[in-house]
Structures are given as structure tokens and as C-alpha cells.
Amino acid sequence: MSPSTPLLRVNNIEVIYDHVILVLKGVSLEVPAGGVVALLGANGAGKSTTLKAISNLLHAERGEITKGSIEFDGERIDGRDAADLVRAGVVQILEGRRVFEHLTVEENLLAGAYTHAGIRARGDLERVYQYFPRLRERRTVKAGYVSGGEQQMVAIGRALMARPRLMLLDEPSMGLAPLLVREIFDIVLRLNREEKVSMLLAEQNASMALRVVQYGYVLESGRIVLDGDAEQLRVNEDIKEFYLGLTGVGRRRSYRDVKHYRRRKRWLS
Amino acid sequence: MQSFIAWVIAALALGGLLAPARPGSAQELTLPLMIYRTGPFAPGGSGIGGGMEDYFALVNAKGGLDGITFKWEECETAYDTARGVECYERYKSRAVFFSPLSTGITYALADRSERDRIPLLTLGYGRSDATEGGTWPYLFPVVATYWSQASAMINYVALKEGGPEKIKGKKIALLHLDVPYGREPIPILERLARERGFEFRDFPLPSPGIEQSAAWVDIARHYRADYVFQWNWGQSCTAPFKEAQKNGFPIDHFWGVWWCGSEEDVRPAGDAATGYIAAAFHASGRNFPVIQEILKDVHGAGRGNIEESRVGTIYYNRGVIHGIILTEAMRVAIKAKGKPLTGEGMEYGLSHLNITRARLKALGADGFMPEVRTTPDNHGGISGVSFLQWNGGKWNSVSDWIQPEAAVVADQVRVTAEKARADKGKK
Amino acid sequence: MIYREAGIYRSSYAADMAIFPLALDRIVVGVVVVIAFGVIPFVASGYLLKGLLIPTLAYALAAIGLNILTGYAGQLSLGHAAFMAVGAYGAVIAYGRYGWPLLLSFLVGGLAAAAVGAVVGLPSLRIKGFYLAVTTLAVQYIVEWGITHVRWIGGGVYATIDVPDIVLLGAPIDTGPRRYLLCLGTVVVLTVFAKNLVRTRVGRAWMAIRDRDVAAEIMGIGLLRYKMLAFVVSSFYAGVAGALISFCFYQAANIEEYTLTISIRVLGMIIIGGMGSLLGSYLGAAFVVLLPIAISNAMVAVGRVSGGLVTTDVRANAELVIFGGLILFFLIVEPLGLARLWKTLKDYLRLWPFPY
Amino acid sequence: MSAQLSIHGVSKSFGGVQAVSGVDLEVGPDELVSVIGPNGAGKTSLLNMVSGFYHPDRGRIALDGQDITRVAPYRIAALGVARTFQNIALFKGMTVLDNLMLGRHVRMRSGVLASIAYWGLAQREEVRHRRRVEDVIDFLRIQDLRRRVTGSLPYGLQKRVELGRAVALEPKLLLLDEPMGGMNQEEKEDMARFILDVNEEWGTTVVLIEHDMGVVMDISDRVAVLDMGQKIAEGTPDEVRADPRVIKAYLGEKKVGHPARPAAR
């Protein structure tokens with residue numbers, strides 16, 4: 001693999017739900033090896049769909065990729081089955097912390113290692129507990145009874161058990177208290193640095209996301225409308241107004257002062 | 001594309017629904033036969049169907065009935081009542097009789113057949129009170145009913161014990177599916193118990209009746225029955241043998257209704273069933289001229305309607321007796337009412353049967369079946385019942401034609417027929 | 001663009017809330033109704049009426065009943081045949097034994113079934129899903145036992161009561177077309193009632209319970225009350241369907257026609273037809289009642305054409321295999337049932353000839 | 001000022017874990033009060049007790065002076081309490097319109113018999129309440145979504161419809177559990193606007209659970225902070241923001257409210 005080849009390349013894909021509803025209209029993006037990339041955009045823009053298209057989880061929702069291709073590590077992966085992708089190193093962490101509520105925290109983590117059972121899993125478990133000491137304390141508690149933040153940790157830890165090379169994170173900060181959001185993002189960054197896991201991150205929390213990623217894409221109505229490195233995006237006027245809630249002069253405007261009308265965005269969606 | 005294929009298949013299926021049935025020619029009579037070849041009771045339906053068709057083929061091979069040759073068309077009921085009704089409606093315009101082979105279908109068709117004037121032959125099933133021709137002019141349980149069978153079983157017990165007096169104090173248990181069919185002999189047995197001085201108790205099995213161990217502990221250890229009759233169907237007929245053995249119950253004192261008396265019912269039980277006795281309204285085996293003729297003229301000519309190995313088995317012979325009675329009734333009908341044969345003519349034929357010993361000899365069926373007589377008021381149902389014993393390989397006849405208690409049965413018929421008349425709003 | 005919505009405006013909420021807001025739909029339904037009432041009884045053969053359409057209609061009503069309970073209110077039941085049995089015996093007893101008017105007897109049958117349904121509904125507050133299905137199974141056995149053993153109900157040995165001649169408002173209902181019209185009329189009226197029910201307050205409450213019982217409670221819907229109501233209404237429909245089956249089809253109330261198999265068959269109808277769809281109840285009933293017969297007829301044709309080559313045994317069993325295969329096929333094509341397939345087809349026609 | 005909602009010494013434990021212990025909270029008419037705290041602090045449990053899902057082990061909850069401590073949820077709804085859920089509890093198989101009409105359930109009367117007859121009482125009632133629902137639709141600007149099945153809507157719109165369903169009940173007390181969760185800036189601003197309008201223009205008392213401190217501090221009249229089941233602070237947004245215990249348990253050391261400031265990493 002030449003260094004210029006990105007780890008993940010999504011090439012002009014189109015996704016249709018239920019045979020009639022066109023959700024993605026030609027989405028292309030790249031994640032370099034070792035990179036952290038954000039996918040920003042409103043709800044319903046197609047962020048989750050893009051992630052599910054990559055990890056091939058669409059069929060559960062009656063969706064299918066009708067055009068384009070997805071390459072991982074230089075190989076076509078669209079159409080490969082999801083379990084196969086996990087073995088290849090692509091792991092998705094679904095939105096809304098889907099943990100097995102009736103299993104304990106540790107059982108949840110071990111479930112992530114089903115692709116390589118046995119002794120290796122023990123070592124991997126140790127590694128997860130190093131990143132998430134809090135999970136070690138709660139290892140015997142049923143996952144349904146731990147707090148939302150801990151559930152998110154279980155979800156990420158479980159993904160880590162599969163020894164991923166690319167993690168697809170869907171809204172990891174949703175519903176978490178500010179302190180926890182920071183904690184989760186810190187761990188994500190550590191995983192990136194120490195475990196060399198590349199990350200593709202779909203996030204609403206643009207301010208937080210733009211702080212940790214190197215590169216970002218903005219998705220609206222199934223199309224990429226803007227992309228650039230994090231710094232560029234942070235200073236973009238539209239991003240400032242629509243994603244960061246800043247007034248023209250860089251001050252945060254109060255939610256009390258929000259107007260009922262808005263300036264038009266400069267990109268066309 | 002997928003949905004296109006679906007529509008094509010649906011259209012084809014619809015085409016099947018509307019496919020017209022061709023009428024038969026003048027010299028050819030098409031007989032629609034309700035058969036069930038699928039489902040848990042398929043051995044019964046396929047055996048009876050094969051025997052009946054083979055007999056019609058034999059009549060054809062001998063030149064037909066008064067110049068008429070038979071063709072037949074099967075309608076699969078799957079032993080399902082709604083399907084039976086559909087078969088009836090599909091074929092009734094061309095049918096001169098139906099033989100539903102199911103009590104459920106018989107109930108559902110009773111009214112229609114009367115209205116449409118198409119008689120129903122219900123040999124060995126259906127409602128026992130239908131022998132009362134005044135109430136049920138178009139139902140024909142011609143040879144024997146459950147009630148006559150139950151009373152014949154009691155008479156056979158008396159015979160085995162050495163005389164009518166010897167039955168006093170004996171304990172008789174009825175092991176039955178807890179459904180209307182299984183409960184049907186109860187009133188007759190209760191009444192005979194009172195009149196003849198034996199003890200009687202019934203042991204109901206919740207449907208499907210496969211689990212019987214508790215019932216058998218009760219029967220053999222607590223009640224200590226002398227005889228056990230079983231009134232089951234399908235798998236529940238086979239289940240008791242191991243239980244009887246386990247509880248040390250003498251197997252030759254365990255007797256079955258004729259729907260628990262086929263090779264298919266006993267074979268799976270292996271040795272445990274050896275010695276078991278079952279009722280029948282016809283004989284078993286091939287040692288009858290009529291069966292030999294079928295083997296020679298039908299199967300020998302490559303026209304068999306069933307595997308040759310099944311010829312002579314219980315269900316097969318039950319089909320042959322269907323064929324004989326239907327053909328004899330048609331003969332009577334044509335003689336009295338002329339051609340073409342109609343449902344009303346067939347009603348006449350079935351209610352004026354007089355199959356004597358001499359006639360049976362001529363048919364090659366002496367000893368194969370009892371004599372049969374019917375009148376418009378009395379649709380029969382009280383001919384002799386034969387008892388067969390399983391020797392591990394085949395059924396052997398162990399009795400003559402045992403006569404039922406005609407008076408007791410007739411009285412019971414009168415009571416329920418009256419009630420049925422009231423239900424139907426007839427006077 | 002065959003099936004159009006464009007250019008159709010609705011100016012009142014009442015019009016917007018009509019059953020068929022689209023003119024095209026109204027026309028299609030109108031034509032179907034005219035054909036069903038005005039043409040079929042006069043041209044169809046006795047076979048089509050008595051052998052196919054009457055059972056299809058009666059089972060469609062049973063399926064609507066189960067759909068109310070399962071498809072709309074989300075409560076599983078395996079005791080539907082028991083409710084049908086109660087309705088059948090109730091109606092036949094009222095009509096035959098006490099001489100009550102026909103429609104009143106149907107009502108009696110329905111109400112008797114509803115009363116049993118209310119009792120069965122009681123545990124539904126605490127028991128959910130499969131566990132509830134198992135408790136409803138118990139009803140099946142209890143009702144079967146009751147009808148066979150209680151002389152007053154089943155009438156003795158046979159547990160079968162014949163239906164006397166049917167007379168409606170002085171007119172004898174003795175022919176195929178008349179029976180069909182009686183059946184059709186009852187089913188259509190009850191379908192309209194069901195439609196009204198599911199599109200207004202009570203129906204919304206049921207669907208809310210089905211979708212999210214916790215949220216339903218928070219919106220002020222008393223769970224016990226509405227679950228019970230679903231059982232009551234559903235079993236009322238089942239009861240009337242059972243009465244129709246015994247009056248118009250079997251002409252006798254016979255307990256053996258209301259076994260667990262029938263419950264499963266009706267459940268199959270709503271699964272194949274579509275959960276939570278009245279149209280689906282009709283489609284599912286047609287599929288389950290008519291398709292095996294159609295295949296069977298096709299097999300008779302195969303037998304004629306092939307002579308003795310394809311034996312009767314093979315044909316009889318091929319029927320089951322083909323029917324099973326078709327169920328699989330349709331459920332794979334559209335797991336949400338035939339009604340959904342129909343809707344997808346309409347969506348497709350709306351856009352046609354453009355793919356999206 | 002008499003409290004509309006008053007919570008007194010309420011405690012609740014689940015399987016030995018004390019979720020809420022001895023919490024007091026008074027919410028006056030027309031107030032907008034936020035409850036904040038770390039995940040697992042007992043905020044949602046508190047809300048669940050107010051709406052009747054759980055009954056407290058100890059303590060008392062009253063609405064307009066009426067004790068509702070042990071009242072069933074559907075009766076509490078009829079008293080005029082509506083709420084939304086953290087994970088959205090819309091009726092996913094139903095249309096937006098039907099979801100909102102369900103909000104009117106407690107205000108409607110038609111039973112089975114009136115409904116099956118439809119043309120008459122039931123239709124008039126449906127139309128009357130449809131008008132109220134249309135007001136909500138206009139207010140939330142979701143006119144184009146009326147016939148959409150809610151399960152197929154994007155997350156942010158589902159949140160909006162859920163708010164609409166609660167508002168359609170015309171509640172006197174509205175309980176909102178993380179209405180901004182998973183929303184982007186634009187959607188949060190819309191949602192904040194809707195909540196303020198419901199509170200100020202429609203005069204509905206609001207109790208809000210929310211993690212976005214920007215929103216909470218901007219729109220709340222008062223803020224209560226829970227940690228490990230106990231109330232550790234209560235006051236105006238400014239008071240709470242400055243409270244050292246709150247900073248330690250929840251907000252973290254960094255100054256909140258300006259998350260966009262790029263951090264040097």
C-alpha cells in the first residue's frame with residue numbers, strides 16, 4: 001500500500017431505502033491511515049446512512065447501495081458482509097449506545113471479541129480496562145443498569161475488542177454530560193494515537209468534533225457540501241453560524257436572542 | 001422484477017382457480033372423490049382412496065356397470081372441513097354422491113346435500129343418529145356406526161367371557177380423545193353398563209392424546225380394568241401399546257375402534273402391539289375372490305391406483321367396501337330409476353340396498369363384509385362387526401360378524417334424532 | 001404518474017380526514033363495492049360463491065378482528081378460534097333454540113365472544129408478548145372443553161348444533177347469492193366500523209400502546225382499559241365471524257372447526273396480509289383460503305394433462321410444497337405483507353415512469 | 001408565590017441503589033426550571049416520579065396542591081402533565097398527525113360506540129381537535145410532515161414532533177428530558193425558541209433536563225443540580241455556574257458556554 005492511498009475511500013455512493021427513497025446522492029470521502037475525520041451535518045443529512053453503508057448494515061433497514069464503491073485498504077468492500085468487515089478491521093459504534101442490556105459489562109466486552117475467541121480476548125479485555133478504568137469497577141453489573149456515559153464506554157470498549165483499524169463512531173457524545181463528553185473524546189484521541197486506530201466520526205457537537213479531528217466533511221441532504229481541514233472549517237462563516245452558534249464577531253449568541261429568520265447558507269444543498 | 005414474478009405466479013394460480021371442469025361423456029360417469037393424501041392422517045385417506053378406485057377399475061375391467069364405465073377425479077381435502085366444502089361446491093353439479101371421509105366435512109355438508117339432493121355415504125364415521133332416514137334423508141352410515149360398534153364390542157366381551165351373564169361385574173374402560181368423536185360411544189356404553197350390570201368408566205385424553213401415561217396408571221393400577229377400549233385417531237392410537245405393556249395390562253384385553261385398527265396404527269409399536277384386537281366392518285387380507293380379481297385384472301393390467309403392496313391392508317379393504325356399496329347402490333338406482341344416474345336416484349339406491357349372502361358370493365365378497373340392508377327409514381348402520389387380532393405381522397379375523405344391540409342403538413338414535421330435528425326446525 | 005395526488009386540494013379538515021381522500025381511490029373502491037354487491041351475486045357460480053367467496057369473507061372478518069388486537073393494539077393471541085367458537089355457538093343457540101332474529105343472534109354471538117375476550121384480556125396488563133400468547137392458548141382449551149362437556153352449550157354427544165333455515169326480516173336466505181350477500185353485507189358494515197374505530201381516538205390509543213406502551217401511558221391512555229377494549233372488540237369481530245362461518249358456510253356450529261389450527265391460520269392471514277391493515281386482512285384471508293384451492297385445481301389440470309404420469313400422491317403433496325413456497329416467497333419479497341406490497345405498487349405508480 | 005409543582009423529600013431506590021434521596025424542588029407557575037447533573041445523577045428518575053411511572057419510597061409530590069405521589073401515569077396526564085423522553089418515545093408506526101392527535105387524547109371523549117358510527121359526534125370532535133393540532137403544527141413549522149410516519153423522520157424532527165405531541169395536550173406542566181440531545185446548533189436554536197415560546201407565550205410551566213449548558217444557562221429561570229441522587233445546588237443560572245460543587249461534579253474546570261474556542265492540542 002502506497003502512503004498516498006487512504007485507508008478508507010468512499011467513492012460517489014448512492015443509497016436508496018425501500019426501493020424508492022434516495023438518501024445519499026453521490027457521497028465521496030476519505031479517511032487517511034491514522035487519521036481522525038469528522039462527518040458533520042444536520043439530522044437526516046445522511047451521516048448515519050454513510051456510516052452504515054461503509055459497515056454494510058443498511059439491509060437491516062431495507063436500504064441498499066445502488067451506485068459507487070467503497071474501498072478499505074485498497075480493496076472493494078461494498079457488498080462484503082458485516083461480520084467479514086469486522087474481521088478485516090472495520091467496526092461501527094452505533095448511535096444511541098446499543099449495549100446488550102441483560103449481559104454484564106464484561107460479557108458485553110467479550111461479545112466484541114467473538115471474531116477471535118480465547119486467550120487473546122483476555123489480553124484485549126485488560127487493554128480495554130486500561131482505557132476505561134471505570135468499566136473494570138462495574139464489570140459484573142448488567143449493562144442495562146450502568147449510566148449513559150458508561151454505556152457509551154462499553155460500546156466503544158466492545159468495538160475495541162475486535163481490534164479495529166477503522167472505527168466508525170456515530171454520535172458518541174449524544175446525551176452525555178459535558179464532563180463525560182470531554183472524557184469520551186479524550187479516550188477516542190488516545191485510541192487514535194496509541195492504538196493507531198483511524199476514526200470516522202459522525203457528530204452533531206461540531207465544536208467538540210472540530211477540536212479533535214484533522215479533517216471534516218459537511219453533509220446536507222445526502223450530499224457533501226463542504227470539506228476541509230479542521231482549522232479551515234472552524235473559520236468558515238457558515239460553519240460558525242450554523243454549527244457553532246457564533247455571531248459574526250465570534251461571540252456566542254444567546255439562545256434567547258435567536259431570530260426566527262436566518263441568513264441563507266452559502267452552499268447549495 | 002421480484003414483484004413481477006409474484007404477479008405472474010398469482011395470475012397462474014388464479015387461472016387454476018377458474019379452470020373449467022370438463023363434463024364426462026354419456027357412457028362415462030365421472031365420480032368426484034374426496035380424498036386426503038396429506039397431513040397426519042394421510043395413510044387412511046390414501047388407502048381408502050386407492051381401494052375404492054381399484055374397485056371401480058375392476059368394474060370397468062369387467063365391462064362397466066350396465067354399460068357405464070367410471071372415471072374418477074380426486075379432490076384433495078387435506079382432512080380440512082373448509083376444503084371439503086369447497087370440493088363439494090366445485091363438483092356438486094356433476095356428482096351423484098359424495099363420500100367425505102371426514103366427520104367434520106359430513107356435518108358441514110349435511111344440510112347442503114339434502115338441499116342439493118346428493119347423498120353422502122359415511123361408512124364407519126359421521127353421525128351415528130343419521131341412520132334415522134326421516135331426519136337425515138341424505139346421510140348414509142350404511143354398514144355400521146360408532147354406536148353399533150360399541151354395543152358389538154360389549155357383545156364380543158360377553159362372548160369371550162362365556163355368555164351374557166358373565167359380563168356382570170366386569171370393569172370396562174374407555175380410553176378416548178376428549179373430542180366429540182371420542183365421546184360418542186359413552187352414552188351407549190353407560191346405558192349397556194346399567195342394563196347388563198358391568199362397570200364402565202371413561203378416561204379422556206386431551207387432544208392430540210399422545211401423552212397417556214397418567215391415564216394408563218389410572219386404568220391399570222387404580223381402576224384395574226378388565227377390558228380397555230380405545231377411541232382414538234392417528235398417533236393417539238399407537239401411543240397406548242407401550243403404556244399397556246409398562247403397566248402389565250394384557251394386550252388381548254385392549255381393543256380398538258376401527259379407526260385404530262390399521263397396520264399403520266400397530267406397526268410402529270412393534271411387539272408391544274402383538275395380540276391387540278380391533279373392530280372392523282370388513283375383513284383384512286387378500287383371501288377373497290374380489291381382491292384376487294383386482295390383483296389380476298387391475299394391478300395385473302398395470303391399472304392399479306396404489307402400491308400393490310398395500311392391497312389387502314385394512315385401509316385398502318375399507319376402500320373396496322366403499323366401492324362395493326356405491327356400485328351396488330348405483331345398480332339399484334339404475335334398475336329402479338333408469339339412466340342417467342342422478343343424486344336422487346342414488347339416494348333411492350342407497351336406501352334400498354339389500355346385499356344378501358348370495359349377492360356377496362356373486363361379488364366375490366363373502367366373508368369380506370357383512371350383509372347389508374337399508375330402507376328409507378333406516379339407513380342401516382347396524383350390520384355385523386368383525387374383530388381382528390394383530391399377530392405382529394398381519395391382522396387375523398378372530399370372530400364372526402358380531403351383531404350389535406339393535407334395539408338399544410335404535411332407541412339412542414331416536415332420542416338424538418329428535419333433538420337434531422328440533423335444532424333444524426323440522427317437525 | 002398513473003396514480004396521482006397532484007392537483008387535488010382539500011379545503012376542510014373533514015375532507016382531509018375522509019377514509020379515501022383521493023378521488024382515484026374512491027372510484028376504485030366504489031367500483032369494487034358495486035361489483036361485489038351488484039354484479040357478483042348475479043353472475044358468479046354457486047361454486048364461486050359458496051365454496052370460495054363466503055369462506056374468504058368470513059375469514060377476512062376474523063382476520064380483521066385479530067388485526068385489531070395484534071396489528072393495531074399489539075397484543076398477541078392464539079385464542080382467536082376460541083372466540084370464533086363462542087360466537088358461532090352463541091349465535092346458533094340464540095337463533096335456533098330461542099328463535100331470536102338473525103342479526104340480533106349475530107350480535108349475541110359477538111357479545112358472548114366479547115365477554116370471553118374481556119376475561120382473557122385481564123392478564124394482558126401484566127403479561128406481554130409470547131407469554132400473553134400462551135395464556136390465550138389456555139382459552140382455546142377451556143372453550144373447547146366447555147363446549148364439548150357442557151350439555152347446554154354443545155347439545156350433547158356431537159357438540160354440534162345444526163343451523164335451521166336462515167330467515168332475515170321474513171326473507172329466506174337459502175340460495176348461494178343470498179348467503180353471499182348476507183355475509184358480504186355483514187363484513188362490509190363491520191369493516192367500515194373497524195375503519196372508523198382505528199382512525200379515531202380509540203384506534204390511535206391502541207396503536208400508541210402497540211408502538212410504545214410507556215409513552216401511551218404518559219399521554220393519558222389507561223393501558224388496562226384500552227387493552228381490554230382491544231380484546232373485547234377483537235373477540236366481538238371473531239365471534240361474528242364465527243357465526244358467519246357456521247351460518248353461511250358450514251351450516252352447523254361444530255367445535256372441531258374452531259381448533260388451534262384455525263387460530264394459527266388466522267394469524268397467518270394477518271402476517272401475510274399485513275399487520276395493522278384492514279385491506280391486508282382481506283388479502284391475507286384470500287391468500288390463505290384461495291391459494292391452496294387454486295393450486296389444487298391447477299394440480300387436477302396437471303393430472304388431466306399428464307395422464308397417469310404424475311400420481312395423485314405426488315400432486316397432493318406438491319400442493320403443500322407450492323403453497324409453503326409461495327408463503328416464503330411473498331414474505332421474502334415483502335415481509336410487511338401483501339398490503340404493504342400494494343402500497344409499494346401504488347408508490348411506484350405515483351412516480352412512474354420515473355424511478356425516483 | 002404558590003408552587004405549581006412541589007416535590008418534598010422524595011427518595012427512590014432500585015435494587016439497593018439509591019437513585020434519588022431526599023430531593024426537594026418547588027416550581028412556580030410559568031417558571032422554566034432546569035435540572036442538571038452528571039449521567040446517573042437521578043434526573044430522569046425524578047421526572048419519572050413526577051409523571052407517575054415510579055412511586056417514591058418516601059416523600060410527597062403535589063401538583064397545584066393535589067397529592068399525586070401514588071397516582072397512575074395516565075391519570076397524571078389527564079391532570080395536565082405532559083413530557084418527552086430522552087430517547088424519543090414517539091409512536092413510530094403512526095403518522096405525525098396521529099402522534100399529535102394522540103396528544104389530544106385526554107381532552108377527547110369519543111368511546112368505541114361513538115367512534116364506529118363516526119359521522120356525527122366523533123367526526124365533529126375529531127375536526128375540533130384537529131384544529132388545535134394544526135395550531136401546534138404551524139407553531140412547530142412541520143406542515144409538510146403531517147402524513148409522514150414518524151419512524152422514518154430524521155432524529156431532530158422526531159424530537160420536534162415529540163415536543164409537539166406533549167404540547168398538543170395543552171399541559172400546565174411540561175417535563176422535557178434532554179430535548180436538545182443529538183441536535184446540531186441550528187436545531188438546538190429552533191428547539192430553544194419553541195421551548196421559550198411554550199413557556200412565555202402559552203404560559204406553560206416547564207421542567208427541563210438538558211446537558212447543553214449553553215441552552216440551560218440561557219433559557220432557564222432557575223437551575224437545580226443533582227449529583228448521586230441528591231440536590232447539591234439550586235439558584236439562578238449565574239449562581240449555579242459559579243458554585244464550586246457544581247463545577248467539580250458536573251461542569252469541569254474549564255469555563256463553560258464557549259466550547260468553540262479552539263483548544264491548543
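By convention in this document, chain letters (A, B, ...) are assigned in the order of the sequence lines, proteins followed by strands, and residues within each chain are numbered from 1.
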Does any heavy atom of chain B fall under 4.5 Å from the side chain of [X], the backbone, both, or neither of them?
X	result
C:Ile161	both
C:Asn254	side chain
C:Gln251	both
C:Val289	neither
C:Glu319	side chain

**Study point:** Donor-acceptor pair, side chain of B:Asp54 and main chain of B:Asn305, under 3.5 angstrom
**Key:** yes

Point to revise | Heavy-atom donor-acceptor pair, C:Ser296 side chain to C:Pro292 backbone, under 3.5 Å | key: no

**Study point:** chain B neighbours within residues 89-102 of chain C, where any heavy atom lies under 4.5 Å away
**Key:** none

Review point. Near B:Gln235 CD, under 6.0 Å, is it more than 12 heavy atoms from other residues, nucleotides or ligands?
Key: no

Would you mind reporting whether [Y] and [X] have side-chain heavy atoms less than 4.5 Å apart?
X	Y	value
B:Ile306	B:Ser46	no
B:Trp231	B:Pro185	yes
B:His176	B:Arg183	yes

What part of [X] gets closer than 4.5 Å to chain C, counting heavy atoms only: side chain, backbone, both or neither?
X	value
B:Thr81	both
B:Arg112	both
B:Arg127	both
B:Ser93	neither

Practice item. Mind ranking B:Asp129, B:Ile105, B:Ile35 by heavy-atom pairs under 4.5 Å with chain C and telling me who comes out on top? Key: B:Asp129

Practice item. With a 4.5 Å cut-off on heavy-atom pairs, point out which of B:Lys92, B:Glu76, B:Glu184 contacts chain C the most. Key: B:Glu184

Study note, to complete from the structure: Scanning both residues in full, the closest heavy-atom pair of C:Gln140 with C:Ser263 reads OE1-OG, 3.4 Å

Review point. Can you name the nearest heavy-atom pair linking B:Tyr125 to B:Leu101, along with the distance?
Key: OH-N, 2.7 Å

Study note, to complete from the structure: Counting heavy-atom pairs under 4.5 Å with chain B, the top scorer among C:Asp174, C:Asp162, C:Leu260, C:Leu49 is C:Asp162

Point to revise | Candidate pair B:Tyr181 and B:Tyr146, rule ring-ring contact (aromatic ring centres under 6.0 Å, His included), full reasoning | key: CA-CA 9 Å; B:Tyr181 149 73; B:Tyr146 293 127; 5.4 Å; yes

Practice item. Determine the interplanar angle of the B:Phe98 and B:Tyr88 rings, folded into 0 to 90°, and report it as parallel if under 30°, tilted if 30 to 60°, perpendicular if over 60°. Key: tilted

Exercise for review: Using only the SG atoms, decide whether B:Cys87 and B:Cys75 are less than 2.5 Å apart.
Suggested key: yes

Check your understanding: Run the salt bridge (charged side-chain N to carboxylate O under 4.0 Å, His left out) check on B:Asp411 and B:Arg191 step by step: do they pass?
Key -> CA-CA 11 Å; B:Asp411 198 46; B:Arg191 178 166 175 172; 2.7 Å; yes

